[in-house]
2 protein chains.
Amino acid sequence: MPISNCQGDGWWQGKIQECGYRLTAGREAILEVLSKSEGHLSAEEIYMKVHPRCPSIGLTSVYRTLELLAGLGFVFKFDFGDKRARYELAEGPKGANHHHHLICTKCNRVIDYTDFIDEEIELLNQTEKGLSQKYDFKITNHLIQFYGLCNACNEK
Amino acid sequence: MPISNCQGDGWWQGKIQECGYRLTAGREAILEVLSKSEGHLSAEEIYMKVHPRCPSIGLTSVYRTLELLAGLGFVFKFDFGDKRARYELAEGPKGANHHHHLICTKCNRVIDYTDFIDEEIELLNQTEKGLSQKYDFKITNHLIQFYGLCNACNEK
DNA sequence: CTCCTTTTGGTAATGGTTACCATTATCAAT
DNA sequence: ATTGATAATGGTAACCATTACCAAAAGGAG
């Protein structure tokens, strides 16, 4: 029973417009690319993928849109140690997709994992609560990453 | 009973040389600056602080040394969202000083905290063990950061 | 249609970091 | 000491992802 995604493709339309921004062709194309690609895309990779659908778009607009979406919390911006920023959609319409990263410091390979996520989130929530109070700091986000050597790099 | 630190200032000498590297004046000066400054220094800030003691040193050598030290695990390299990398000594001779960061996304202020560190480390160790096995990944390091608004920025 | 604001694309600039290379320092063996 | 091989250094130029800038285009309100 393949659940068609036809009408759901634009779940972000409302979100964007609620915030007082316009849902332009470029922005929609970028969101679509993000939602259909497995994460970790750089700005230029996104630009390349968006271009066929939206040939008039410029790299500048890609950066601008990504910054906008990151500011709204729709997109996370990561630094995996190669020089370019990496972007991924925060989560799908169901709120799923939450994961953390294993990063190889030799080859920059990135592995997503969802194991242990529940325990991590549980602890993080407690920690956030405590830190918020003690330091009068409004926490909106967190970052957890593990660094090391992937199996390929470790064998050398 | 002030414990003199005179002989301890060079606790890293052995470490560096054990790894087959020379303890040059520049490297020592950089390590000294790092150990005497409260963390979060950029390469250029380190360069400025090292310069009086070691006027001949070049910015290139600062970058080179920091990369070397980071590779050896003596120094952590962070990205706090301003464009420059930030460096801090991994830990003092006692192994103390371990902390995580609260980062304000408006003004880039960074707060170190050590609260909850024990629980975090406990969980992280478990997680690391599990992930190492499942993904055949040799974990050497981790990064935890919380993002949000500091009290000053939150009031606006 | 007209006014005003938002959004856009192209180009030039920015700036932290790195590549490069000739020079110098260091250590071991003679 | 002298040599020779290797490690380390400093200055400069290049790199390159990202941003600033600006004039043009698109969209909505009246």
Side-chain angles (χ1 to χ4, degrees), chain A residues 12-13 15-31 33 40-72 74-88 105 108, chain B residues 12-31 33 40-72 74-87 105 108:
Chain A
W12 48 67
Q13 292 184 9
K15 291 270 194 177
I16 293 262
Q17 289 171 332
E18 276 170 23
C19 300
Y21 298 100
R22 295 178 190 159
L23 187 73
T24 63
R27 287 172 180 170
E28 196 161 18
I30 289 172
L31 279 162
V33 163
H40 315 156
L41 295 173
S42 70
E44 188 152 9
E45 285 168 348
I46 293 167
Y47 171 68
M48 300 298 269
K49 292 203 174 203
V50 167
H51 209 253
R53 274 175 234 223
C54 200
S56 69
I57 204 169
L59 182 54
T60 304
S61 288
V62 174
Y63 276 106
R64 244 186 322 233
T65 300
L66 289 170
E67 190 189 331
L68 174 71
L69 295 174
L72 293 178
F74 294 127
V75 161
F76 290 140
K77 181 180 179 179
F78 290 101
D79 168 29
F80 292 150
D82 55 351
K83 310 273 145 171
R84 45 200 55 182
R86 299 279 168 177
Y87 301 86
E88 53 184 69
T105 51
N108 284 319
Chain B
W12 48 68
Q13 292 184 9
K15 291 271 195 175
I16 293 262
Q17 289 170 332
E18 276 170 23
C19 300
Y21 298 100
R22 296 178 189 159
L23 186 72
T24 63
R27 287 173 180 173
E28 195 160 18
I30 290 173
L31 278 162
V33 163
H40 315 157
L41 294 173
S42 70
E44 189 152 10
E45 285 168 349
I46 294 168
Y47 171 69
M48 300 299 267
K49 292 203 175 202
V50 167
H51 210 253
R53 275 174 234 225
C54 201
S56 70
I57 203 170
L59 182 55
T60 303
S61 288
V62 174
Y63 276 106
R64 244 187 319 234
T65 299
L66 289 170
E67 191 189 334
L68 174 70
L69 295 173
L72 293 177
F74 295 128
V75 161
F76 289 140
K77 180 179 181 180
F78 290 100
D79 167 29
F80 291 150
D82 55 353
K83 310 274 144 169
R84 44 199 56 179
R86 300 279 169 177
Y87 301 87
T105 51
N108 283 320

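Numbers restart at 1 for each chain; the letters A, B, ... are given by sequence-line order, proteins then strands.
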Residues that B/Phe76 engages under side-chain contact (heavy atoms from CB on, under 4.5 Å), provided they are two or more places apart: B/Phe78, B/Ala90, B/Asn141
Closest heavy-atom pair and its distance - A/Val62, A/Ala43: CG1-O, 3.7 Å
Under 4.0 Å protein heavy-atom contacts per nucleotide of nucleotides 1-7 of chain C, with B for base, S for backbone only and - for none: ----BBS
Residue pair A/Arg22 / A/Ile16: nearest heavy atoms and the distance that separates them: O-CG2, 4.0 Å
Residues that A/His51 engages under ring pair (Phe, Tyr, Trp, His ring centres under 6.0 Å), provided they are two or more places apart: A/Tyr47
Where chain A begins and ends its contact with DNA chain D, read 5' to 3' at 4.0 Å from heavy atoms: D/dA17 to D/dG27
Nucleic acid contacts - residues 50-61 of chain B versus DNA chain D, non-hydrogen atoms under 4.0 Å: B/Ser56, B/Ile57, B/Gly58, B/Thr60, B/Ser61
Member of A/Leu59, A/Thr65, A/Leu41 meeting the side-chain contact (heavy atoms from CB on, under 4.5 Å) criterion with A/Ile46: A/Leu41
Whole angstrom value for the distance that separates P of C/dT26 from CD1 of B/Ile16: 16 Å
Taking every non-hydrogen atom, the tightest pair across A/Val50 and A/Ala29: CG1-CB, 3.9 Å
Pairwise 5' ranking along DNA chain D for A/Lys77 and B/Val62, keeping only the more 5' one: B/Val62
Residue pairs involving residues 44-65 of chain A (criterion salt bridge (Lys or Arg N to Asp or Glu O under 4.0 Å); sequence neighbours excluded): A/Glu32-A/Arg53, A/Glu45-A/Arg86
Phosphate-side-chain proximity, B/Tyr63 and C/dT18, N/O vs OP1/OP2 below 4.0 Å: no
Between C/dT8 (P) and A/Tyr47 (OH): distance, integer Å: 14 Å
Under-4.0 Å side-chain N/O to phosphate OP1/OP2 contact, A/Lys83 with C/dT18: yes
